[in-house]
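Chain letters run A, B, ... following the sequence lines, proteins first and then strands; every chain starts at 1.
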Amino acid sequence: MRIILRITTVDKESMGMSAETGQVRVRFAPSPTGALHIGGARTAYFNWLFARKHGGVFVLRIDDTDRQRSTEASYRQILDSLRWLGITWDEGPEVEGPFGPYRQSERLSVYREQLDRLWEQDKVYACFCSPEKLAEEREQAQREGRAPRYAGHCAGLSLEEQRRRIAAGEPHAFRLRTASTGQTVVRDVIRGEVTFDNRELDDFIVWKTDGMPTYHFASCVDDALMHITHVIRAEEHLSNTPRHVALFQALGVQPPVFAHVPMILAPDRSKLSKRHGATSVEEYREQGILPEALVNYLLLLGFSPGEDREIVSRDEAVQLFDLERVAKHAAVYDVKKLEWINAHYVHNMSPDALLDQIWPELEGRGWTGPDPAREQLAWLRTAVEFARERTRTVRDLPDMLRYYFEAPESYDEKGARKHFRPETAVRLQAAADRLADVRPFGAVEVEKAFRSLISDLGIKGGDLIHPTRLALTGVTVGPGLFDVMVLLGRDECVARMRRAAQWIELNAQS
RNA sequence: GGCCCUAUCGUCUAAUGGUUAGGACGCCGCCCUCUCACGGCGGUAAUCGGGGUUCGAAUCCCCGUAGGGUCACCA
């Protein structure tokens with residue numbers, strides 16, 4: 001709402017609208033050095049939501065200027081995770097677009113061109129200081145309690161001298177000339193105006209000795225060339241933003257509007273890491289978390305859709321999302337709430353869709369074949385329907401179906417102690433006998449037979465129902481007993497009940 | 001250490017100078033019931049501390065404190 005207001009009162013350029021298209025353009029720029037992190041996923045989602053809400057373009061760019069750590073496997077996995085989450089890109093790898101290529105490793109000539117331009121304009125200069133020397137200076141500065149800034153040894157070298165030494169084969173990097181007085185103001189949609197003293201900035205490196213641009217340089221060149229209007233990224237970049245503003249100025253373009261989203265912390269308020277359990281999208285996927293649920297949870301981490309809403313679909317989120325309402329403080333992630341949201345989506349998923357998800361697992365366990373008969377499918381569908389609301393993740397579903405395919409090999413210990421009394425054996429036998437006459441073998445009919453036996457024996461319902469469940473499934477929890485019995489079928493029920501009766505006679509203590 | 005950001009129940013958050021500080025997860029209790037789960041009802045629990053400004057402060061300002069980020073030829 002407020003954004004729309006401002007667009008009408010302020011000129012588009014300063015609002016970050018793309019000058020020529022008047023369109024919002026955002027980007028998500030992961031580096032392929034590992035799996036897609038949930039923090040990254042949330043940043044990607046916020047970018048995606050912002051683009052969708054404003055009819056803009058969502059660009060995916062791969063920041064792989066780090067030759068050492070970038071891997072093809074990570075690259076693929078990140079694309080895969082994003083697609084799984086339903087975060088699709090309008091421009092980027094495999095989709096391409098007018099400002100490609102979208103992998104920085106394929107844009108080297110572009111960066112070199114921009115570097116040469118800035119070099120020509122003396123906005124950038126070659127630096128011949130060795131990393132060792134710089135590290136030493138840095139350490140000394142730290143020991144003496146000074147800010148570890150570049151001393152500017154090479155700042156005064158003439159262009160001729162720079163060229164001469166480069167031609168002579170001297171290893172070199174390039175640094176950006178930065179202002180040492182005045183202030184740099186970063187406009188941040190979430191935090192307002194953040195002011196930095198320019199004396200905090202030194203002439204930082206934009207081009208590495210190995211012939212690759214640094215992250216800062218490549219990122220800004222690309223944001224400029226790709227006409228990015230809003231940079232929505234993690235808070236860890238806020239302190240780097242003055243460098244980026246300096247870079248945009250050097251490149252001669254208006255800086256984009258920034259929005260630094262708060263970080264996601266582990267339950268102990270430290271930075272999220274492996275030891276905190278699942279941190280990547282891929283891991284949650286393996287744990288049976290649904291993409292809709294993960295994306296819903298991520299939205300709630302740092303954003304409130306209002307009206308006390310908790311369950312918010314992608315489409316609703318597009319409507320409700322507002323960058324200015326994103327929280328300023330870091331959020332601790334809470335697996336319990338994720339699971340609750342996941343449970344909601346699982347419970348609302350159709351049995352068929354759930355079956356699709358777990359089918360490979362069912363086949364792997366030999367519980368079904370690749371091409372089941374129509375009745376088999378209907379039967380499975382019903383079993384899933386009963387199990388559905390008792391699980392929080394898709395992952396746990398197959399185990400909950402086990403007893404439909406395998407007779408119990410043992411009985412839950414606590415349950416057996418409680419429900420398998422010496423007198424139960426006879427009752428189970430009697431109940432098994434009664435089942436023979438039940439026609440048709442439906443839930444209503446079976447229950448009727450059971451209730452009448454219960455009444456004949458003069459016992460309470462639970463005295464027969466609980467032992468029967470244990471006899472049939474081996475456990476004390478599960479769907480309504482009569483539904484389970486119908487799915488199991490008369491013969492199987494009778495067999496399992498008689499086997500349990502025998503087990504009791506051998507094992508039950510009086 | 002310098003600079004920057006942040007601070008409401010255990011956790012995610014609402015409240016944009018006036019509310020008995022609201023909702024959700026979790027936890028506890030009750031109801032439903034053949035168990036479990038779902039669902040329903042109820043409960044537990046918070047404005048980091050200290051100063052201002054104001055008739056009135058969770059909200060604005062200052063100072064502390066705490067947490068986080070950043071100061072790389074990593075991104």
Which part of the nucleic acid, if any, lies within contact of [X], taking any heavy atom under 4.0 Å across all strands shown: a base, the sugar-phosphate backbone alone, or nothing?
| X | result |
| --- | --- |
| A:Thr209 | base |
| A:Arg269 | sugar-phosphate |
| A:Arg69 | base |
| A:Arg243 | sugar-phosphate |

From the list [options], which nucleotide is the closest neighbour of the side chain of [X]?
| X | options | result |
| --- | --- | --- |
| A:Val194 | B:C4, B:U11, B:U35 | B:C4 |
| A:Phe482 | B:A75, B:C34, B:G10 | B:C34 |
| A:Arg451 | B:C34, B:C73, B:U70 | B:C34 |

Before you tell me yes or no, could you show the steps for A:Arg233 and A:His260 under side-chain hydrogen bond (donor to acceptor under 3.5 Å, both in side chains), namely the whole-Å CA-CA distance, both residues' side-chain angles and the distance that decides it to 0.1 Å? CA-CA 5 Å; A:Arg233 61 182 8 168; A:His260 289 94; 3.1 Å; yes

Can you tell me if the side-chain N/O atoms of A:Thr195 get under 4.0 Å from OP1 or OP2 in B:C4?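 The answer is no; no side-chain N or O of A:Thr195 sits under 4.0 Å from OP1 or OP2.
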
Would you say B:A75 has OP1 or OP2 under 4.0 Å from some side-chain N or O of A:Lys208?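 Yes.
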
Below 3.5 Å between N/O atoms, which protein atoms pair up with nucleotides 41-46 of chain B? Just atom names and distances, please.
none

Taking [M] as the reference, what is the distance to [N] when you measure between their [atom1] atoms (whole Å, please)?
| N | M | atom1 | result |
| --- | --- | --- | --- |
| B:C25 | B:U44 | C1' | 14 Å |
| B:C4 | B:G40 | P | 49 Å |
| B:G67 | B:G42 | P | 40 Å |

Quick one: is the NZ or CZ of [X] closer than 6.0 Å to the six-membered ring centre of [Y], and within 45° of its axis?
| X | Y | result |
| --- | --- | --- |
| A:Arg175 | A:Trp207 | no |
| A:Arg434 | A:Phe450 | no |
| A:Arg61 | A:Tyr102 | no |

Could you check whether any side-chain heavy atom of A:Met497 comes within less than 4.5 Å of a side-chain heavy atom of A:Leu435, counting everything from C-beta outward?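 Yes, at least one pair of side-chain atoms sits under 4.5 Å.
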
Look for any protein N or O under 3.5 Å of an N or O in nucleotides 59-61 of chain B and output each such pair with its distance, or none.
none

Distance, rounded to the nearest Å, where A:Asn342 contributes CG and B:C25 contributes P: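 Computing the A:Asn342:CG to B:C25:P distance gives 15 Å.
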
